[in-house]
There are 2 protein chains.
Amino acid sequence: CAQLLICVKLTPLLLLYNRIKASSLKLRFCTNETQATREKFVKKLQGLGFDISVDEVTAPAPAACRVLKERNLRPHLLVHNDVVPEFAEIDKANPNCVVIGDAADNFSYANLNEAFRILIGLENPVLISLGRGRYYKETDGLKLDVGAYMKALEYACDIQAEVVGKPAKMFFESALAELGVQPQQAIMIGDDIVNDVGGAQQCGMRALQVRTGKYRSFPVGGTDLPSVYTSICCLNKHLLVQQLGSNQVVDDIFICKKHFGKTLCM
Amino acid sequence: CAQLLICVKLTPLLLLYNRIKASSLKLRFCTNETQATREKFVKKLQGLGFDISVDEVTAPAPAACRVLKERNLRPHLLVHNDVVPEFAEIDKANPNCVVIGDAADNFSYANLNEAFRILIGLENPVLISLGRGRYYKETDGLKLDVGAYMKALEYACDIQAEVVGKPAKMFFESALAELGVQPQQAIMIGDDIVNDVGGAQQCGMRALQVRTGKYRSFPVGGTDLPSVYTSICCLNKHLLVQQLGSNQVVDDIFICKKHFGKTLCM
């Protein structure tokens, strides 16, 4: 069996993660994390007990670098300071495009204006966005994500950004290719109805939404509701990891008999 | 004759303005200025030599206050500090909506997040925007206008803002009503193809675009090109005011014979 389970965000899935690693299932972290290099991201997860390496992570910045190199684009970066090292080998002199990521406090009025002026001054403005997330949750509350600022620049310049992170189809296809599995063999688990669930569904994968992180109860247009919308909340309550041996909970979470056969009933 | 000439922005129109004031034409300033109260705005114009009073200005903040009062809305303000006095009489405790204006440096990440959290926490989020401008020009370059940040919040919250400034039809209708003229009797002069020209055209007025301020050569979808797109640049070069007696230039600027009869050939 080659089913792929993709986990996102730091949901308390460590024990589940370890069981998956010990099984024959393949797993990959798909993150829109653009506030850190993959090295830092992996180090953070390792600190939380995850046995993970950089090779197991699909992230937007390396995808953006591939696009920049292929098209001879020299970016002005409007990103978080901590992700700048991912662009170390990219020529950034005399920029002919803008790359926008989750810049957090770097989203000042002055910095937005600088990115805007570069774009509006180009004959063919190219805006590459490391995601299109609306918002995310941190310990001190919900925060605007890169998608909101991408929309601001799109509107100001009357252009369409090219998204290289989730929910871009290319992003999920990369993750699947890196593991050598087909979309219908894979399941996406995430807390974001658009970026995780919607993106995976667009790519032909099945998806589960967890009631953690930015989960909210209202549906968002254009995305099929994920299968276990109503019962997956137990992922948040450690019930999943405590009771992984229980057929009932496993049925609840993975709907293994209906959708995936028995391979996911660990 | 009751034709209305509406001027916007601080184009060098003082001499023209004085000739209009001395004529039988009516004139009104329609501004999306939300970085100052009308009092301050008028004082600035008076300082530049314009014989103008607060009563001759149509601006978004008073329009927003009317809407807030009518609907018992208590705003959280994401606006420029200098326009806050326009909302002095409005109850702002326990906000049930957000009013966004051209907040300039107040468009920090922290302030955007605060406005976002209020909106996303409301059962029926109401976002009132004092305009939908993309950008404007200041002495130190182009700057993002309120529209870009309105789009960011619209996207993050999956809502539509209610615009009370230009190019809202209501805004132009107010200006026309205040002077008692019909749309077809009026002409709008402005530098913004969407907010000035497009908004006026939607309302049944004719419009001229000046090649000053934020003027750029590319057309914007959804708006008819204004009549004298190619020759109005002389407004920027003081040629208009220098040569107002010349039939040729007046023909160029106002196309008086074709569109307005002779009343505008001052």
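Below, chains carry the letters A, B, ... as their sequence lines are ordered, and counting in each starts from 1.
For B/Asp91, the side-chain contact (heavy atoms from CB on, under 4.5 Å) test picks out B/Arg74, B/Ala93, with sequence neighbours left out.
A/Gln160 CD: 12 or fewer foreign heavy atoms inside a 6.0 Å radius. Counting heavy atoms of neighbouring residues, nucleotides and ligands inside a 6.0 Å radius, atom NZ of B/Lys92 exceeds 12 of them.
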For side-chain contact (heavy atoms from CB on, under 4.5 Å), just list the numbers for A/Phe116 and B/Lys143, CA-CA rounded to whole Å, side-chain angles, deciding distance to a tenth of an Å, and then say yes or no. CA-CA 8 Å; A/Phe116 162 68; B/Lys143 299 201 170 174; over 6 Å; no

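Residues A/Ala152 and B/Ala152 share a closest heavy-atom pair of CB-CB, 4.3 Å. Heavy-atom minimum distance, A/Leu144 versus B/Tyr109: O-OH, 2.8 Å.
Counting heavy atoms from C-beta outward, B/Asn113 and A/Leu142 have side chains that stay 4.5 Å or more apart.
For A/Ala104, the parts lying under 4.5 angstrom from a heavy atom of chain B are both the backbone and the side chain.
Within the structure, the ring pair (Phe, Tyr, Trp, His ring centres under 6.0 Å) test picks out the following pairs touching residues 141-166 of chain B (sequence neighbours left out): B/Phe107-B/Tyr149.
With rounding to the nearest 0.5 Å, the separation of CG in B/Leu153 from NZ in A/Lys151 is 14.0 Å.
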